[in-house]
Amino acid sequence: MANTATPKTYDVGIIGAGIAGCSTAFYLARRGMRVAVFDRGPVAGEQSSRAWGFIRKQGRHPAEIPLAAEASVLWDEITEEFGFESTQRVKSGILMPAETADDEEVVETSYGDAQTHGLTSEILDAGALKRKLPELAGNWRCALFTRDDGHGDPKLSTLTLARAAKAAGAEFFSNEVVIGFTRSSDRVSGIRTLRNNTYQCANVVVASGIGSRRLLAKLGYNLPVQNIRSSVGLTTATTPFTQIAMWAPTTAYRPRPDGSFIIGNGYRNAGTDYDLTLQAFTNLRYFLPALKQNQGLLRMGLGRDTIRSLRDLLPGKGKHSPLSEPATNIAKVKQNLAEFCALFPHINDLRLADSWAGRIDTTPDLIPVIDRLAGYDNVYALCGFSGHGFALGPVVGKQMSNWIIDGAPALDLSKFKSSRFSDGDYEIIKAA
């Protein structure tokens, strides 16, 4: 039966309660906007609770560095306001060591980008690296170190921003699946949900991660955003010996306050899984150059999402049913753990305590879409963060609030326009 109740009215409706959506809600509500946030699950229910937790400027696509620098300042402000336990934000630096000549070239390229943008990055020789982290084993040529980079807890941080947004007046609708939009003339006037609810929104922000592409397609946009799957491990706790995070050639880690570690992929032969779906072929022409440039970093194959994409074609099979848990590549997690233990042989009692996978929305050039969509002056897209969304969350939210309220963002976001793919105005680089 149709819902005949008068639709609720908001200045901004945000689809997606991850770090980008919650940050946007926080900064908008703080400026007096009536905000509603919708998610098909709970707050931080998907990738925003599954990320590594790096908050970094080094090793990024040059277009992202100004955003990352501003985000670092905002992370400081958020942590100062709400306390360390709200984010577990640590500014202890991130190391990127080089073992081979090819690794050293990657490090030097990242250092060059850092110098261009005035970052605090430096190249450590083998001796300086040993002094910085005496427990690190191996033969290293050098390392990139950015002392004011660091890390935080993705789930805690997202929940903190959601609570702060609620305290400022934002409303959150969890387990409310958005299935489409209402329109008035040539504008989007609101959103419709699976429960047959309608919410009037003067502006709409689509920040639903892997669900963004499908929603934007309902407005006629075919953004080349595909899903990849990254597997992560959590170790048992040991006696804490470092707060420095590391992105090494064959593994990566983030230390946690209790002495455990989040373990992820290294920058060489990362082994992220790319489950082929019907949607993956839609914009394959955009992704082929990226796949060629980043051979060995993606493992293409068939998985649960492949089956789901086929099932969605069948009549009576709802496209909006809850997502199953993404399959964890446990072999890769165990390999990453073994590589981590080889880096720190003094830890002889470390075990794998947990593991999980996350679905990451990615673009051909591995930087996000942050844009007001052509043809709809009140619809904004925040998607395709390619695994970089956690660290950039606060700055994206603040820039989006500036754009909606003030008419323009305070930073130049032209590199993140949605039309860059159809215009050919983008660059394929090595994944980072």
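In this chain, residues are counted from 1 in sequence order.
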Between V369 and F385, is any pair of side-chain heavy atoms under 4.5 Å apart? no
Between A71 and L392, what is the shortest heavy-atom contact and its length? CB-CA, 4.3 Å
Within a strict 4.5 Å, meaning less than it, do heavy atoms of the V204 and Y376 side chains meet? no
If I compare all heavy atoms of G93 with all of F145, which pair ends up nearest, and what's the gap? CA-CE1, 3.7 Å
Ring centroid separation W247 to F54 under 6.0 Å: no
Go through it in stages, so that I can follow the logic: the residues are T146 and Q58, the test is side chain to side chain donor-acceptor pair (under 3.5 Å), and I'd like the CA-CA distance, side-chain angles, deciding distance and then a yes or no. CA-CA 7 Å; T146 305; Q58 72 174 37; 2.6 Å; yes
So does G190 get a backbone contact from the side chain of T182, meaning a donor-acceptor N/O pair under 3.5 Å? yes
Spacing of CD belonging to Q226 relative to CD1 belonging to I210, to within rounding of 0.5 Å: 11.5 Å
Closest heavy-atom pair and its distance - T24, M400: CG2-CG, 3.7 Å
Side chain to side chain contact (heavy atoms under 4.5 Å, CB included) assessment of V37 paired with F173: CA-CA 6 Å; V37 182; F173 298 86; over 6 Å; no
For residues Y10 and E171, is any side-chain donor paired with an opposing acceptor at under 3.5 Å? yes
Are K132 and L124 close enough, and set up right, to give a side chain to side chain contact (heavy atoms under 4.5 Å, CB included), and what steps lead you there? CA-CA 9 Å; K132 179 68 67 177; L124 304 181; 4.2 Å; yes
Distance flag, aromatic centroids of F344 and F241, threshold under 6.0 Å: yes
Taking every heavy atom of G387 against every heavy atom of I360, the minimum-distance pair comes out as N-CG2, 3.2 Å
By the side chain to side chain donor-acceptor pair (under 3.5 Å) test, which pairs, at least two apart or in different chains, include something from residues 65-76? S72-R89, D76-R89, D76-K91
To the nearest 0.5 Å, atom CD1 of I78 lies from atom CD of E80 at 11.5 Å
With distance as the sole test, does S86 use its side chain to make a donor-acceptor pair with the main-chain N or O of G83 at under 3.5 Å? yes
With salt bridge (charged side-chain N to carboxylate O under 4.0 Å, His left out) as the rule and sequence neighbours excluded, what pairs involving residues 244-264 come up? R256-D258
Looking at K155 and E46, is there a salt bridge between them, counting it only when a charged N and a carboxylate O are closer than 4.0 Å? no
Would you sort out whether T158 and V43 count as a side chain to side chain contact (heavy atoms under 4.5 Å, CB included), showing the intermediate values? CA-CA 8 Å; T158 306; V43 173; 4.2 Å; yes
Modelled atom types, side-chain donor and acceptor of E339 and T251, under 3.5 Å: no
Determine, stepwise, if the pair S189 / S184 fulfils side chain to side chain donor-acceptor pair (under 3.5 Å). CA-CA 6 Å; S189 57; S184 176; 5.5 Å; no
Close side-chain approach of P368 to I370, heavy-atom, < 4.5 Å: yes
Just by distance, with hydrogens left out, do T328 and S355 show a side-chain donor and acceptor under 3.5 Å apart? no
I263 versus V333: any side-chain heavy-atom pair under 4.5 Å? no
Steps toward side chain to side chain contact (heavy atoms under 4.5 Å, CB included) verdict (V12, I14): CA-CA 6 Å; V12 186; I14 300 170; 3.9 Å; yes
Starting at CG of D148, measure out to CG of L119 and round the result to the nearest 0.5 Å. 7.5 Å
Okay, side chain of H151, backbone of Y253: is any donor-acceptor separation there less than 3.5 Å? no
Could you tell me if T87 and S157 have a donor-acceptor pair between their side chains, going purely by distance under 3.5 Å? no
Tell me, yes or no, whether the heavy-atom count around R30 atom CZ, taken from other residues, nucleotides or ligands under 6.0 Å, exceeds 12. yes
Rounded at 0.5 Å granularity, tell me how far CG in N197 sits from CZ in F38. 9.0 Å
Check whether any side-chain N or O of D149 sits under 3.5 Å from a backbone N or O of K57 as a donor-acceptor pair, and report yes or no. yes
With D423, which residues qualify under salt bridge (Lys or Arg N to Asp or Glu O under 4.0 Å), at least two apart? none
Distance to the ring centre below 6.0 angstrom and angle to the axis at most 45 degrees; does that hold for K166 and F172? yes
Give a yes-or-no answer on whether the side chains of D371 and S418 include a donor-acceptor pair shorter than 3.5 Å. yes
Do R192 and V178 have side-chain heavy atoms sitting under 4.5 Å apart? no
Are side-chain heavy atoms of V205 and R372 found at a separation under 4.5 Å? no
Check: W356 and P326 side chains under 4.5 Å, non-hydrogen atoms: no
Strictly by modelled atom types, are D39 and S174 linked by a side-chain donor-acceptor pair under 3.5 Å? no
Check: T236 and T238 side chains under 4.5 Å, non-hydrogen atoms: no
In terms of side-chain heavy atoms, does D11 have a donor or acceptor partner in N203 at a distance below 3.5 Å? no
Using modelled atom types only, decide if a donor and an acceptor are shared between the side chain of H61 and the backbone of A63 within a distance under 3.5 Å. yes
Backbone N/O of A202 and side chain of N378: donor-acceptor pair under 3.5 Å: yes
Within the 3.5 Å criterion, strictly below it, is a donor on Y199 or E176 matched to an acceptor on the partner's side chain? yes
Looking only at heavy atoms, the pair that brings P154 and G53 closest together is CG-CA, 3.7 Å
Expected output: side-chain S48 to main-chain I19 donor-acceptor under 3.5 Å: yes
Under the salt bridge (Lys or Arg N to Asp or Glu O under 4.0 Å) test, residues paired with E77 that sit two or more places apart: none
So CE of M96 and CD1 of I123: to nearest 0.5 Å the spacing works out to 9.5 Å
For the pair D361 (side chain) and C383 (backbone), establish whether a donor and an acceptor sit closer than 3.5 Å, ignoring hydrogens and angles. no
Any side-chain to backbone donor/acceptor pair from R56 onto G59? Under 3.5 Å, distance only. yes
Residue pair T362 / S386, side-chain donor-acceptor N/O under 3.5 Å: yes
A29 and V35: which non-hydrogen atoms are nearest, and at how many Å? N-CG2, 4.1 Å
Salt bridge (charged side-chain N to carboxylate O under 4.0 Å, His left out) contacts in which one or both residues fall within residues 376-391, not counting sequence neighbours: R187-D377
Please, which pairs that meet salt bridge (charged side-chain N to carboxylate O under 4.0 Å, His left out) have at least one residue in residues 393-413, sequence neighbours excluded? R31-D406
Do any N or O atoms from the side chain of T235 and from the backbone of F261 form a donor-acceptor pair under 3.5 angstrom? yes
Supply the atom-to-atom distance L136 CG to L95 CG, rounded to the nearest 0.5 angstrom. 8.0 Å
